[in-house]
Structures are given as structure tokens and as C-alpha cells.
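One structure below.
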Amino acid sequence: MSDLTDLFIKLIPILPLLAAIANGLLGSRYSHEMAHRLAWGSVGLSFLCAISVFADILRTGTAHEVVAYQWIFGGDLTINLAYLVDPLTCVMLLVVTGVGFLIHVYSVGYMHGEPGFTRFFIYMNLFMVSMLLLVMGNNYVVLFIGWEGVGLCSYLLIGYYYDKVSAAKAATKAFVVNRIGDAGFLLAIFLIFVNFKTLDYTKVFAQVGQLSPEMATAIALCLLIGAVGKSAQLPLYTWLPDAMEGPTPVSALIHAATMVTAGVYMIVRNHVIFDLSPTAMEVVAFIGGGTALFAATIGLVQTDIKRVLAYSTVSQLGYMFLGCGIGAYTAAVFHLMTHAFFKALLFLSAGSVIHALSGEQDITKMGGLSKKIPWTYRLFLIGTIAIAGIPPLAGFWSKDEIMAHAFTHNHFLLYGIAAIGAFLTSFYMFRLTYLTFYGKSRLDHHTEAHVHESPLVMIGPLVALGFLSLVGGLLLGFPPEHGWLHQFLAPVVGSAGEHEVSTELVSTLMAVATSIAVIGWGLAHFMYQVSTPTANVWAEKFSGAYKTLLNKYYVDELYDAIIVEPIKRLGGLLDWFDRTVIDGLVRGVGQLTDWGSAGSTWVEKYIVYAGLNVIGYGNHLAAHEGRKVQSGMVHHYVALIVAGLFLLALVVQFFVQM
Amino acid sequence: MLEELTAGFPVLTCILFLPVLGAIVLWLFEDEDMVRTSALTITLLELALSVFVLLRFVPESAAMQFTERVRWIPALGISYHLGVDGISVLFVGLTAFLSVLVVIYSWDTIRHQVKLYMMCLLALETTTMGVFVSLDLILFFVFWELMLIPSYFLIKLWGGGAERHYAALKFVLYTLLGSVFMLVGIALLNINFHQWASLHHTDQSYSFDLLELLSAPIPMDQQILIFWLMFMGFAFKAPIFPFHTWLPDALMEGPIGMAVVLAGLKLGTFGFMRFSLPLLPDASQSDMVVTVVVVLGLCAILYGAWMALVQPDFRRLLAYSSISHLGFIVVGLFSLNYQGLQGSLLTMINLGFSTAGLFFIAGFLYSRQQSTQLSAFGGMAKQVPLLATFFLIIGLASIGLPGTNGFVGEFLILLGAFKAKWWFGAVAVLGVIFGAAYFLWYYERAMLGPVGKAVKQTMSDLQLREMVIAVSLSAMILWIGLYPSPFLRIMNGSVQALVDRLNHGTVAALGSSTTEKGR
Amino acid sequence: MVAVFFAYFALVSIAAGVLTVSLKNPVHCGLALLALLMHVSGLFVLLNAEFLWAVQVIVYAGAILVLYLFVLMLLNLKADERYFHASYPYFLGPALLGACYVIFLLIRSPYAGVKGDVPDAAVLEHGDTYAVGIKMFSDHLLQFEIIGVFLLGAIIGAIVLAKTPKSIDSMNGKE
Amino acid sequence: MGEYALLYILFAPFAGALALIMVSNRQPMLVRGIAASAAFVSLVASIYLFYAYDPVKGGFQFVQKFEWSRQLGISLHLGVDGIGTPLVLASSILLFTGIFVSWHIRDRAKEFYIWLLILAAATIGVFMSLDLFFLYFFYEMSVIPMYLLLGMWGSHTKRYLEMTDTEGLKQRDSVGFIFNFGSNSKEYAAMKLVLFLSAFAVAALMGILLIYKYAGLNTFDILVLREQAHLMNIPVLGTTLDKIIWVLVFFGFASIAPLWPLHSWSPVGHAAAPAATSMLHAGVLMKLGHFSIIRVAFEILPETTREMMPIAAVLCMFSIVYGGFVAFYAKDTKYVIGYSSSSHMGYVFLGMAALNYISLSGAIIYMFAHAMATGMLFAMAGWVYDQTHTRDLPSLGGLSNKMPFISGCFVVGCMASIGMPGTVNFIAEIMIIVGSWDKYPLQVIVAVLGIVLTMAYLFKMMRSLFYGPMNQQYSHAHDAVSTVDRLPLLVMIAVSVGFGIFPMHLYDVVRSGVDPLVARITHVVPVASEEGDRSTVKPEARADSSDTNPVSFSGDPPRRTPLVARGAE
Amino acid sequence: MVPLSAYVAVSAVLFMTGLLGVLIRRNFIIVLMSVEIMMNAANINLVAFSHYLESMAGQLTALFFIAVAAGEAAVGLAIIIVVFRGKVSTNVDEMNVLKW
């Protein structure tokens, strides 16, 4: 049985990979039918494998560690491509493959007729592979492979409509921002290796006790940078709203259900290290809380249906971080799961809406759709209620658990932040619902004529997700802190409830949370159903705040101004430096050679040559005069001979006398 | 059977001289197609021989294999000594592989003086091979210098740019300037050996042989001097920031084939690994050297990446990205630990696929648009999806995405650097971010978005020959990325030996008490 | 007695020499030269060199001088107006000074030398001609032969130079 | 031939010259044939000599001695050692190739060949003379034919030609004449060369005569003088005689080498000379200087040499850099090559100055190598000149399309000149560098920078000649296609590359000549190991002072010793 | 007894006279005649010394001198004739081709 499980574990990532390869190499040879069947079929099979593995784990309660092959090795470093399947992984596996499967199926309908149909499924399958590696890896490097792999696939899928400038830019932005996080993650990996001489989770966690608190803080913060990048937390969240340029199933799968939760998974996975560092935990919690509130406020005023959902995703991820930061790891994972259900549901429903409206995404141009696309409407509503945190739907249980944990563990400030965030969430989600499905239709006629309910292949997955959103919370997390999930995850994250709290307090907190959500709903109902002008009045009243929110606190502009532009400008400066100074030095040496040679030539011409020639010229002048002696007259010569003779005689006589 | 047949077969000599003999054969042909076919045949044969060497190479061993040694100038201790170990054997394969691709690439992109071009190319292959397989410093230097000649002509005669004469001369002079200093360094090594040998009354008085030089301890101050002299040679060739200015010029102005070889085969850093580190372990470990060189490497990483960010020309961008990658390699080398060295070595090989591959891509783009300027591109993915795909794959390898070869090398380098001093790694990691930024930004502007104005409407996607190049490169990239163990296994033994040598140093290892150890 | 002859021959030959140099008409010069030659031969007699005397008279006076006169007549030279060279005074003064100086030197020279093996008595015994002959054909035979060849060469040279050049004529195309 | 090899080598060209006198200029093939066969005989004999020379035995071999004047102690004493042998070979090769290079000379070809043969024969004579008188005799004899060769078959520079007659006259008679660099007539060049060299030769002659007189042995025989001449410690004019003699001999012969600043005759001479003459001139004539310094100063005055050679070490730097710079600037092909030659001779002086086995061997090999390299370059410059009738670099260009063979060979020539590995120049260069580092590190740095400079100007010239746009005026230029035209270049390339790859015998031969010489100068004798490997060097004085070592490091005090171990004093 | 110095003095005077003739006369033939005078002066010397030193060498040399003089006269006069044919003059001033 164990062998079979190992085989299944190995098969889980391979199946989508094979499908991707097949589609990639042969996709142009066969029909779209074949392509999408391969795609969702492989994911479905993976899902089945995951279930069987899950069953095995459930039965035996032991974690599986499977080595596929030795990957990088040499010296004291060995990195295997190996899988670790423990309960946490199992949960993630089920979510990833399950939701992934549903979304694949949905995509068949949604993407029907798109030009790059096969390409889409290749990317999706590759994404599944990467995501599975991410959650299944038994060491940090395999995690990192998946980590970067999902980033790449996210890049590819955001840039799916690559001929759109905004899509291309969003894709690049997503990748680069993620890379910043990845750099931090890499540093964390190095720190871990330097401290533990290994990168396997089990070995690292076994020796974690040796770690000094400072080092733990450093590792944890580096890990956090990675998580922040991937999970779109402050300050690296800006890529996620832009990522909505991708097709909607992508937004659902990657930017809501799975990839963005990788950060949470990573923190939970490394909770042992985080636990050693209260500072790091504080930071995680406040980043989470801050993001939850911050994103929620932006979500209040956005008009693009997918952007609202995107900000809500950011916000919900903030809750998960908050959960991690206060040690409520199970709650965080719980929220991760429920969020996967309802956010996928919401996105896919939104996709259905967009599909129905032939691509319209602006909610100010929608309205009154509840009659025209009833199924979509109903499912969307379920999702809204779930995210708003109204019992007994899924969102309530998980979110409430986090908030309760904060309260009971004396993080009152965080609790307050979370509560405000919950209120805002409820408000903007219902605002979204009202604007989309209620009131008068603001559609243009052309679009209105084509409004239609989505096909079964799209609605089917929606229904499944709707069901999960309805009951998922109750099934998994009831009663709070002691639900099935908590027991299942206990071997990994440890038991959360060290100090018992009274049921009264729990009940009170649940009631408070419910009422917050209901108030939010009520306000939305008032503003967008009862008294529609109120929203505009308020918007004008607080126009400064409104504009700030509408422009997302100008964060993108800020980043552009303080980071991107200076970098580009400095790049230009460096380019100038390279061309003038460094290259200039080289050219300068050449110039020096030129000058040297000119100088040497000058010396050669005016000193060496001229010096010699002066001697020659002096000779020449002397000869010019002296040659007059050579008159050509014989008697002159004779006279000279005679004179010479006399001279000789004189000389001889002189010497004789001496 | 095969082993019996091949025992004693001088395979390295064959590898070394096959291309140059081939070049002579080419001389006899007149027909251009015949020339191309023969060049391809020769390079393929060469590749086959190299693959044979790779297959027969005993991995996990530090020993020199396939050694051949003939006394050349015994009086000066110069010998014709060939051999490969884990450090160099991969380069042999890489050189042969790239040569095949370059010939394929040049098939229809080089239209004039085809014969001469192919001859130069083959000559270049021989000299490059020579650099990798020489175990005698003079022999090494011979090939090192001879390489300049075909390079010069390749850049000068077949370059595309208007400044190609300048670029060719700059390249050659720059490299020569470094190498003459290296020559002095080599001479000093020899003198040192002589000194040592005459004190110990050994038979061989002079030697340029790497293996013999390794046995002689070198005083610390002398080591430092020799190190910097050799550094000049290798750093100029590599090129290491700030000695890089010839590279953008040469790559911009030269033909793609030359650029592939220049950027793909990291001779300078190979030199460090082959000669500087083992011969001068104490100098290489001295604080000053490590700090200076690594800081230069770090500067190169950031500077190159930063420069690449703002380059509108793809080839210039690649040149700076090369500089950035070389920074990684240098940092890895001078981390002086196992991961750093291994990573550097692997990265050198990787760049042979990724950077060279990007140059091929640049060539593909050039042959379509007659330019590699950004202004000539925009939204090309619409028209040449395959090209865009391979562009992306190779590009991602160059920025070190996991799953591609780039990651394995870069990861090891960073790990090694971090192990050596944490801030080495911390600074180098920034290069990872910039790498993604400059590549993706360029890719976005060139390939994505709406179709650019300057882009020709009738543009064909990859031809068969281009497909062959792109697919084979991508295959190698993914192979090393996903299953690098054959490569790692080959290099492990030698890297381990190198690390051991660095740990012990020459002086201590040989038990000489005359000089102090470096640190 | 000898001194008187000596004085006569010496003075006349000097005078003839001066005339030779200074006369205007070349033929007169030739005649003065003849006088000089004759008187020099007389000096030879005083020195017991009878053979030389004969040679002097025959060769110089008889042959060479006649040759000069023939040439003079052949060329039919008239006397020039300015037969002295323009820079005559510049030469004359220093030359005379130099001459005096040389003569002064010569007169006060001791003239010591190794005595030969042919004293006057020996010459007078058989006569000068005999002595010359013996010496010439014993010790100085080679020089004698050389002189012979030299004379032959001179003759041929003179003929070659002086004969009418045919090639030039043919070049001119006439005669 | 055997023991008479030297006579064949020396007298074959003379005999050829004599035979040429007999034939008429109207039979050009006969003329060329005679010249070529004389050169060929000499070449074959030289090759035989080179390979028959026994480096193990060493010393002077193939010795021939003919008494010439017993009273004066002069005899025609011929013999070669390891230093002379390669130079004789180089001379023969250059003569042989030179004949073919000048194959197309029409104007008074016979006379040209006669003088060329005499020039080469005289040069060869110097290399094999073991008698100071005949050394000087041949030395002067080699200078005189240059006058005629330059004056009659030479060429004016372009700038000179551009001047009209009156201007030319004016130039000749005015101050302009003094600054005539770059615009010389061939007559000027010939005159300058001969006068300059003769003037300095007289200095050398004075040195030789002083040796003769003060040695008091009544002999000019070098072998006797070097054993028995004791010229030191004779005080003259406030110094010792040997120093005066050394200076006279050194500078007298260094003028032809040419050592900076005595070089100015040489580029002009090269530029004006016809190709074959330039080849012989730059290839071997200049080496007469180094050779004679070695023969006379090194052999007879070893102690003084050791003291005085630093002069050369200083001047050689100037030679290298200055020559390189001027070559970089020059606009005339032959000026470039000429100055490059004078720059490269600096390397030889550096090798000589360091005075140890390696560097001095390097210097000798460098002479041989440079002969081949510069011979090639001059031959090809001559070819280009014949085709285009100009040597003006700016007006040339793009000729590689017209003359692929020449341009290809030119590349090889340039590479050889630079000292690219694979050519024998490289071997020489590396030996000089290896040998000189200990004593003259600064000079070595200058020298290696000089290599870069060399590359710069040679590549610049190559580019201006063969690449870039072509001047249509020269479209009629054609390549060397016939065997006769290609043969000389191929021969020189083969020699250069052949010895570059297989330098063993050359090295052995040179080493056998250098070893005893250096031993005499430095008092360190080589001890051959059991295999006859003469590279092992052991200090003679090891027993006296344990720290004596021929090679030393800087900064390593216990082992620090000068490269040249001083004598006993 | 006439002293040797008397002969020598006579010879010197004659020689000077001839020399003057060579120097100052313009007619080529007269110049040649002056040369003859100088030769005779030399002959006197030779014979005188021969006599006083009791050696025949002087006389013999004088004899050869006479022969040489004959040859000289013949060749010289021939040259004069040749020159005269060209220039119709025997004026030495006009014969200055030795001048460079």
C-alpha cells in the first residue's frame, strides 16, 4: 500500500506535466477537444491520486517522504527532488488539485474559441505542476522551484493576451515584484543552509533548537519577504490587482485559490522557525492585518468587478497572515481552504458574468443581471455571503476563528483591525453584488441583447464550489478550534489551544463577527439598493479620500516615482558613465598612444633627423664654399699641389728642428 | 571492444586538430554549398569526438584523463601536454556543440566569403579547444593568443556594424594587453619552479607544465604578484568589470557567430579556475585578493544588470547581461568553497547555452529586421510565436529560473558566496532581481504588446535550421536544469580536489618551512 | 775650369728656361727650350755622364723638340694677346718666395748618403756607356723592359688619339 | 661538402657575382638563374651546416684558417658556433628568397643581383669570421653595396615625389632639407645609410685596433684574443682602457643594430631600398650589430660587458617604445616596418643585457625570428609597392580582394612580428621575458607593453593596406599567383612557423653557443646533466657561498642573489 | 770642384721656372714644355747625386725619365691635337670639365 502511495505521490505532479508536454509538442496537430481533455483529465487524475494519498495518510497518520531523484549534489550539499506528504501537504494537495480540476473544467467553457486555447491549457497544466511541486517538496529548493514555477506560469497567464499592452506590463510587473520576494526567500534558504547544513524540512526542523533568536528572526524575516511577494502583502501587493489582466479562470486559480496562498503555506510550513522569533511573528501579524485593512479600503470604491475581487483577495490573504502572525496556523490554513472555495467561486461567477456580457468588467455598466443569469447570480451570492462572514457559510468559520484567536491571545489591536476589515469586506462585497445584479440595467443595448447564461460546463464547477462554500466551513472547522481540520493538521502545526477559553467568549465573538458582517451588508443594502444616490453624495463629500482610494492610495505612482524611475534614470547615468568614463579611459589610452606617437615622431623629425641633417647640411654648406677651389683649371690644381708641398716642407722642417 | 580499440588513441589531439585540418580541406573547395556542408560535417565529427570523450570520461575523479604528453621544448620545460579533467571536459563538449550550431546558423546568414568565414570559424574552434585541453601553460598561451587572429577577422570582415574595425582592434588589443601580462606571470611561475627545482636538485629544471608547477611551493609575495599578472590576462578576457568595454563593442559589431563564441565560452573565468586558483591557492585566499575580486564581481553583477536595463539594443543588452553573469561567476569562484566553485563551473557551461542561445535569438531577430534595436521590434510574438517562445525559454534560463540550467548554477554560486561571507550573497542576490527586470522588460517591449510599426508584415517564423538551433539549445537548458547530475558528477571530483588544494595551500601541503602560509 | 763651364751651362740653361716660359711666340719658346736642353746636356758632361749627354741631345733635342715644333706648325698657332694666365701675379709672388725658400733649404742641406759601388774611377775606366749598359741590363732589366712596353703603349696611344676618328665621320655622314 | 661548408656558403654568392659579370643583361633568365643557383648553393650548404652543427660538442665548428698576413697577424679564420649558425642560415634564406622577390626587376638586373649577392656574402662573412680584421672587412663590405642598391634601384618617398623639381631643389638647398623626415630621395637615404654606418664603423674599428695594439699579441684572431687579451686595468684618460674599447665597439656596432638613438638611418634606408634589399637589410644586416657586439665585446671583454651592459638595458626601453610610437604614426608602409624593426631590436638588446642563458639565447633566437618576420613583411610591402607604386598608407586600402594570397601572408607576417604563438618569434620573446625578469622587471613590462603597441601599429597598417574601401586607382593590382612569387613568402612562413613549432634543434644550437659565453661573463658554468640536458645550471661557487643561485626572487631575502653571480673579487 | 749644392740649386731654379710656366701659361703646348723643363731639372738632380754618391742608379733613372718624357710628349701632344679638333684652341682655361 505504501509503495502504491509513493507511486501516487510521484504521479501527482507528473500527470499534468505529461499533459502539458503532450499539448506543447503535439497541440497543433490535434483538435482543441483533445487538448482540453488531456488537460483537465490529467488534473482530475492527479486529484484522484491526491485523494488516495489523503486516504492513506488519514488511515496511517504517517508522513510520506519520496525521493524522485538526486538533483543537485556535490560537497556537503545534496538536494533531492523529493516529496514530503504530510497532513498539511495533503490539505494543500486536495485544494490545489480539487479546485484546479474544477477550474480546468470551467475553462473549457470559458476559453472556448480563444485563439490560444491549447496554449492556455499548457500554461495551466504547467502551473499545476509547479504548484504541486511547491506544496509537495520536501526541501526548500524544491519549494523554490515550485515557487518560481508558479511565478512563471502566472507571468505567462497574465500575459496570455500578450498583444494588450496592459497585459504585457502587468505580467512583467508580477514577475519582477515576485522576484523581489524570491530574492528574500533565496537569502532565507542560504541562511538555513549555513546554519543547518541541510535544506530538508525534516532535518532542519529537527535541529531548529540550536538556532539563536537573532538568527531565527533573520531567517523568518527573509522567508517573510518571499511570502509577502508571492502572497501580495504590503508592500509588494501591487502586482496582484494588475494581474487581473489575465483570463478569469487564471485569476480564480492562481490569483485567488492557490498560488497567492503559497506564502501562507510557506509560513505555516516553517512555523517552527517563526515560533522562535516573536519579533518576526509581530511583523507577520501586522503586515497581515495592515494588508487586510488597506486592501479592503481600496476595494470599497473600485469599479472593475475583478479588481474588487482582487483587492478582496489581498485583504483575505492579510487575514491569513494575521492568523499566522498570531500563531493560529490551523486557522490560517482553514481560511486558506475556505477562501479557495469561495474566492474561486466568486471569480468564476464573475467570469461567468463577464462571459455573459461579452467581456464587460465595469460594474457601473452592469446591474439587474439577477434575472438574466440566475444561476450565476445565486452562486455569486453564496460566495458573497461566505466571504462576508455570515454563518453558517464557510468564510464565517475560518475568519472568525482567526479573529477570535487574536482576541483571546490579547492581540486587541489586531482584532480591531480585523474587525474593521471584516466590516469593510462585507460592505464592498455586497456593494459589488448589488451593483452587478440588482437595480436597473446600465448595460448598453448591444451587450444587453447578447446576455446569456453560461453553459453547463461552466456552471457545473460553480455549483460544486458553491456547495463547498456553503458547507465547507461546517464540515472542516466545526466546532471552532477543535474541528476535523485541526485534528488532522495537529501533527504538523501542533495543537493551537494551549489555554482554553470559555464557550461564552467564543459565542460572543461569533455574534460580534456576525453582526459586523450584517451591518456591512445593511449599509451596502442601504447605499446601493435603498438610497442609491447616497454613494455619490458621500463620494463627493469625501472626494479627497474617495479619489485616494480610487487611485489605490497612489501606491503604484509612488513606487514608480521612488523606485522604478530612479532606477531607470540611474541606468541612464550608468550608461553615460560606461560610455564616457570607462570607455573613455580606454579610448584615452588609445589617445595617449596617439599623442605619444605624435610626440615621438616630432622628436624623430625635429631632433634626431634634423640633428643629423644639420651635420649633413653643415657639410653641404662648407662644401659649397670649398668646391670653388675645384675650379677645373689644371694650373689651379698645380698651384694647390705646390702650396701643399711647401706646407709639407715647412712642417717637415718644423719637426726636424724639434 | 571499443575500449580496446580506443586505448592509446590520441583523441584529444584529434579533437584539437580536426577543425584546423578541416579548414585546410575547405580551402580546396570552391563551391559554397560544398564548403558549408563540409564545415558542418567537420564540426559534427568534432562533436562526435567530444561526446565520445564525455562518455568515456570517468566521473567523480580528479585525475587528468586522456592525457597526452610529448616533449616539445625540453630545455625550457615546455611540453605538448593535453588532458581533461572535470573542469575542462565539459567545455570541450560545449565548444564542439556551439560550433555545430554556429555553422548551422551561418549557413544562410553569411553570404560573402563563405569559405574564409568557415575557415576562420574552424580555426577559432581549434584554438578554443586548445585553451581548454592544454595542460602546459605555454601551450595554453599559444592557443589563447592564436584565438585572437580568427576572432579579429571574424569581427572585422563579417561584422554588421559600422564600427567593426574599431571593435575588432579594440578587442584584440585589449585582450593582448591582458595576455602579455599573463605571459609575464607564466614566466614568473616558471622561474619560481626553476628556483625550487634547483634547490631540490630535481631532474626537471624548468617547467611550464601545470601538473609539475603544482608541486612547487611559491612564496606568498610572489604568489600575489603572479596572481595579479594572471588576473590581468583572465580579467581582460573574461571580461570582468571594469575591463569590459571591449565586449559590448565586439558583440555589437561582430557577427552573431563570433558573438556566440565570445559570450558563450567563458575563457577568462575558466582560466581562473584552471590556473589561478590551483597554482596560487594562498594568494587566491588572501583577504585583499578575495575582497578586491569579489567586490569587482559584485559590481559587475549590479552594474551589468543595471546597464542592461536601459539598453535599447538587444545585443548590447546581452553584452551587459554577460558582464553581469560573469560577475556571478567571479563571485562564485572567489567564494572558494565547494558550492561556489561548482556553481561557477556549471554557470560557465550554462551560459554557453543560454547567453549563446540569446545571441542566436538576436541573430534570428537580426535576420528578420536587419537590426536588434528595440525600435525595430514590438509585438513580434504575434507573428513569430515560436521564436518568441524560444526567446522566452532561453531568456528565462539566462535569468536563472528554476527548472532551467541557469538556476542550478546561480543557486550554487549564491549559496557558495553566502557561505563565504553573507554579504557577498546578499548583494549578489540583487542581481537576480535585476536579471528578471531587464530581460522581461525588454521581452515585453520587443515581443509583447501590439505589433510594432517597424515590424515587417511578412515575417516568417523559425526556419528548419533555426529550429534545430533553438530546440537543441532548449533541450540542453532543460536537461541541465532538471537533471544536472551527469554534469555535476563529471565535475565533482575535480572541484573537490580544487577545494582540498585551496584548503591546504601549496606551501603547507608540501611541508616546506621556508615561507609562511598566506593566511 | 770646370767651374767656369758649370757657370756657363747653368746660367744659360736658367736663362733659356726663363725665356721658354716667358716668350710670346710658341715657336720661340720651342727654340729657347732647345737651348735649355743643350745646356743641360752640357751639365751632364760635367758630371761624367756622357751617355746621358748623348741621349739628351738625340732624344730631347732631336726627337721630342722636333715633335713639339711639328705640332706647333701643324696647329698653326698664332701668338695669343694674353699669353699669361689672368691670375699670374697671384702665382708669381708666392712661387718665387717658395722657390727661394726651397733653394735656401737645399743649399744648407748636408746631402749625406750611402756611397754607391761605382766610383768615378770605375766609370772612367770603361766609359760611361759601358757602366750604364752593365747596370741597365743586369740590375735594372725589368725596369728597362717596362719602359719598353710603356713606350710602345705611348706610341699606340698617340696614334689612336691623334688619328682621324672614322666613326665620327661616318656619323656625320660625309667623307 | 662536410668541413668546407663555410666556404661554400661564403663563396657561392661571390662566385655567382663573378659569373654574372660575364653574362649579358639581355638574357634575364640566365641572369636570374645564375643568381638563384648561387643563392641556392649557399642555402643548401647553410641548411647542411645548421643541421650538421653538433650542439653537444659546442664550440666553433667547421673551422677554416688561411694565413693572410703573418706580419700583421691576420688570417682568414672562419668558423661558426651556436650563435653564428642560425644567423648564417637566416642570411642564406633571405638571400635565396630575396632573389625571388626581386625576380621582376628589369632595370639593370644583372648589376642588381651582383650587388645583392655581394651584400649577402659579406653579411654571411661577418657571421663566420673569427678574425677581427675580416670581421671588420666583411662588415664594411656589406655596407657599400647598400649604397648602390639604394641609390640605383631604390625609390623615393611619396612626399618627395610630390614636390616639383624646383621645390625639390629648394628643399635640397634650404632649411627644409633639415626637416625632411618622410620626404626623402633614395639618394639621400643611400648617402645617409652609408655615411652613418661608416662613421660608426670607424669607431668600432678604433676599438678593434686598440684591442689589437694593447693586447700585444700581434694577432686579430678572436679565439686567441679572448683567451689571452688582458685589457683591463690599463689606465687611459681617467678610466680604464677596456671601458673605452667597450664603448667604442658597442656603439660602433650598435649603430647598425640599431640602438636608440642611433637608428635614424635605418627606416630611411628601409624605405628607399628595393624589397629584397630591405629584407636583407632589416633581416640580417641589422643583426650584424648585435652579432659583432657579442663576438667582440662579449667574447674579448667579458668583465667589462658585465659592468657596462646596463647601458643597453636602459637604451633598449627607448628603442622599444620610441620605435613603436613612431611606427604607429608613420604613414608609409616601409617606415612602419622599418621602425618596427628598430623597436624589435630593442628586445634583442634587452635579452643581451640580462646576460643569462635564457635571455641571451632568446635574443639570438629573436634575431633569427625577426629576420624571417621582417623579411616577409618587407617582401610583401615590396609587392604592394610594385603593384601600386605607392607606399602611402592613407591612399591605399581594400587590397585584400585584389590580392588574397598576399593579404593572407601579410597576416601571418604580422603575427610573426608580434610574436604570436606558433611562430618562432614567440619562443624568443618568451625566453627574453623569462630571462630578463629578474634583472630588469621594468624593462620587461615595457617590453610586453611594446608587444601590444606592435600589434596596434601592425594591425593598423594591415587595415590600411588590405581592408576598408579600395582606391579605384589601384584596381589593376594583382595577386602573387606564380610559384616564383609565392615561393619566397611560403619559404619564410614555413621557416618561421616550423621553428615556432619545432624549435628544439634551434634552441640546442643557440644554447651551445650561449652557454660558454654566459659562463665566461658571469663566472657561472653550466653543468650538463646525464642526458646531456644543458638546461641544468649550477653555480660554480656553490661551495663558497651557499646562497649563490642564478635565479632569485625579489623580496625573499635568504635566497636573494643577483642573477649574475659576481666574480671572486 | 763644383759642389753638389750648386747643381741642386740650378736644378731647383729650373724646376721653379718650369713650375711657373705650368702655372701661368695659357697655351697647352707651352705648359707641356714647362713640364719638360721640370723634368730636366729633376734629371740634373739625379745625375748630380749619381755622380756624387758614386752610384749608377741616378743615371739610369734619368735615362728612364727621358724615355718617359718622350712618351709623355707623344701622348700629350696627341691629346692636344684631339682637343684642338674639338675646340680649335689650346687654351687651358677652356678645358675645365674637371669642375664639378
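Convention: sequence-line order gives letters A, B, ...; per-chain numbering from 1.
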Is R69(B) paired with D136(B) through a side-chain N to carboxylate O contact shorter than 4.0 Å? no

Heavy-atom proximity to chain D below 4.5 Å, by part of L157(B): side chain

Given that the side chain runs from C-beta out, which part of L169(B) has a heavy atom under 4.5 Å from chain D: side chain, backbone, both or neither? side chain

Answer with side chain, backbone, both or neither: which region of Y80(B) has an atom nearer than 4.5 Å to a non-hydrogen atom of chain D? neither

Sort out for me which of I138(B), L173(B), L139(B) touches chain D most, counting heavy-atom pairs under 4.5 Å. L173(B)

Measuring heavy-atom distances to chain B, does M415(D) have an atom under 4.5 Å in its side chain, in its backbone, in both, or in neither? side chain

Proximity breakdown for L116(B) and chain D, heavy-atom pairs closer than 4.5 Å: neither

Can a side-chain donor-acceptor contact be found between R463(D) and Y467(D) if the only test is distance below 3.5 angstrom? no

Against chain B, label I445(D) side chain, backbone, both or neither, depending on which of its atoms sit under 4.5 Å from a heavy atom there. side chain

Top of M431(D), K460(D), M504(D), E429(D) for chain B proximity - count of heavy-atom pairs under 4.5 angstrom: M504(D)

At a heavy-atom separation under 4.5 Å, does Y174(B) approach chain D through its side chain, its backbone, both, or neither? neither

Measure F459(D) against the heavy atoms of chain B and call it side chain, backbone, both or neither at under 4.5 Å. both

Is it the case that K156(B) and Y152(B) place a side-chain donor and acceptor less than 3.5 Å from each other? yes

Ring-plane angle category for F426(D) and F141(B), please: parallel below 30°, perpendicular beyond 60°, tilted otherwise. parallel

Rounded distance [0.5 Å steps], CZ in F227(B) versus CE in M230(B): 9.5 Å

Parallel under 30°, tilted from 30 to 60°, perpendicular over 60°: which one fits the rings of F231(B) and W228(B)? perpendicular

Is there a salt bridge (Lys or Arg N to Asp or Glu O under 4.0 Å) between R111(B) and E32(B)? Walk through the geometry before answering. CA-CA 9 Å; R111(B) 297 221 170 74; E32(B) 289 192 350; over 6 Å; no

Test your reading of the model: is there a side-chain donor-acceptor pair from E145(B) to the backbone of P421(D), 3.5 Å cut-off? no

Region of I149(B) that comes under 4.5 Å of a non-hydrogen atom in chain D: side chain

As an exercise: rank G422(D), P503(D), G419(D) by heavy-atom pairs under 4.5 Å with chain B and give me the winner. P503(D)

